[in-house]
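Note that the structure is predicted; figures quoted are calculated from it, not measured. Read the numbers this way: they start at 1 and go in the same order the structure lists the ligands and their atoms. Index from 1, following the sequence.
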Amino acid sequence: MKLSVDYRGTPFLETSRVYATVDRLNYVCEMLLTRNLHAIRDKNILDIASHDGTYSYACLQLGAKYVVGVEPRSHLVHDAIENLTSLGHKTSEFTFIEDDIFNYLPAIEPGQFDTILCFGFFYHTTRQTELLAQIHRIKPKYFILSTRIENLKLPRSKLQGINRWECRETAGFMAFYYENPRQDMATIEPTGLTGTPSKSLVEALLKDHGFKFKQLSWNRADGVSYLAEIDTRI
Ligand SMILES: C[S@@+](CC[C@H](N)C(=O)[O-])C[C@H]1O[C@@H](n2cnc3c(N)ncnc32)[C@H](O)[C@@H]1O
C-alpha cells in the first residue's frame, strides 16, 4: 500500500513513549488522518496531548495550514519542536504550547480551529464532559477522537441504578484507574486518577454534547475512533 505519511526513519520512533512502531504509526495515520484528508488539508488544527509531535507532523505532511499542539510535559514539547524542525518543517507552520489542555481551551475563540484531534488522551483524565463541552463551544468543523475503551460487560440484572425512578436507561460505564503520573504517557494529575469510558458512554457523551459522528474503521478491541462534527440540528 502506498502511504502518504511514512514514519520509517523518523525521530518519533525514538522520542515517543506510546508504543511507537513504524507499522502502528503508519496505520493510525492512514486510518485517522489520510483517509479523512478533507478534515486535514488546508485546515488549522489543534492537536490535544501532542506528545512528541507524532500526529502534528502527519497533519503537516498531509497539507494542514497550521498546527498547534498542546502538551504539558516540557521535554515532550521540546522533542516535538526538534522533531518537526529536523524533518524540514518551518516554525511558521506550527506551535507547541506547554500547557494543561484544561487551562488552554477556555481561552480559545469559537472558530479558531477547523479541526481538533484528541488521540490517546480521552482516557487519561476524568474530565471528559468538560473537554467535550469546550470543544463544542469552540465549534471546529471536525473533531477526530481516538480513545481506549473499557470493555467490561455488566448484565442488566446487575445494574442497580436502572431501578431508580429518575433513571431512564444506562448510558454506559466509566472504569476509574490510577496511573503513575511520572510516566510520559499518563495523566498529569498528582493523584493519577483517570477514567476509561465504555464505547456506549463515549457515544452517549458525543451525542449529548452536540456531535454527530461516524466510527472510523479500525480493528481494535480495546479502542475506538470517530470523526465527529457539530450537529447543527441540535
Ligand atoms: C498516551 S499519550 C498520547 C500521545 C499522542 N496524542 C498519541 O496519540 O500518540 C497521552 C499524552 O497526554 C498528555 N497529557 C496528559 N495530561 C494532559 C493534559 N491535562 N493536557 C494535555 N495533555 C495531557 C501526556 O503528557 C501524553 O503526552
Output the distance between atom CG (N36) and atom CZ (R41), rounded to the nearest 0.5 Å.
->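 Answer rounded to 0.5 Å: 12.5 Å.
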Taking both backbone and side-chain atoms of [X], is any N or O found less than 3.5 Å from an N or O belonging to ligand 1?
X	result
Y123	no
F119	yes
D47	no
D100	yes

Hey, what's the ring geometry for Y142 with H38, parallel, tilted or perpendicular (30° and 60° as the breaks)?
->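 Ring orientation of Y142 relative to H38: perpendicular.
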On the 0 to 90° scale, with breaks at 30° and 60°, tag the F121-F102 ring pair as parallel, tilted or perpendicular.
->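 Judged by the thresholds at 30° and 60°, the geometry between F121 and F102 is tilted.
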Among all protein heavy atoms, pick the one closest to [atom] and tell me residue, atom and distance.
atom	value
atom 23 (C) of ligand 1	P72 CD, 3.4 Å
atom 15 (C) of ligand 1	A186 O, 3.3 Å
atom 16 (N) of ligand 1	F121 CE1, 3.5 Å

Under the salt bridge (Lys or Arg N to Asp or Glu O under 4.0 Å) rule, what pairs show up with a residue in residues 111-122, not counting sequence neighbours?
->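 Pairs touching residues 111-122 that pass the test: D114-K141.
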Counterpart residues, side-chain contact (heavy atoms from CB on, under 4.5 Å), relative to E203 (two or more places apart) =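 side-chain contact (heavy atoms from CB on, under 4.5 Å) list for E203, sorted by chain: K199, F213, Q215, Y226.
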In terms of atom number and element, which parts of ligand 1 are under 4.0 angstrom from non-hydrogen atoms of H124?
->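 Those qualifying, in numeric order: 1 (C), 10 (C).
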Using atom types as modelled and distance alone, determine if a side-chain donor or acceptor of H51 lies under 3.5 Å from a backbone N or O of R17.
->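 Judged by distance alone, yes, a pair lies under 3.5 Å.
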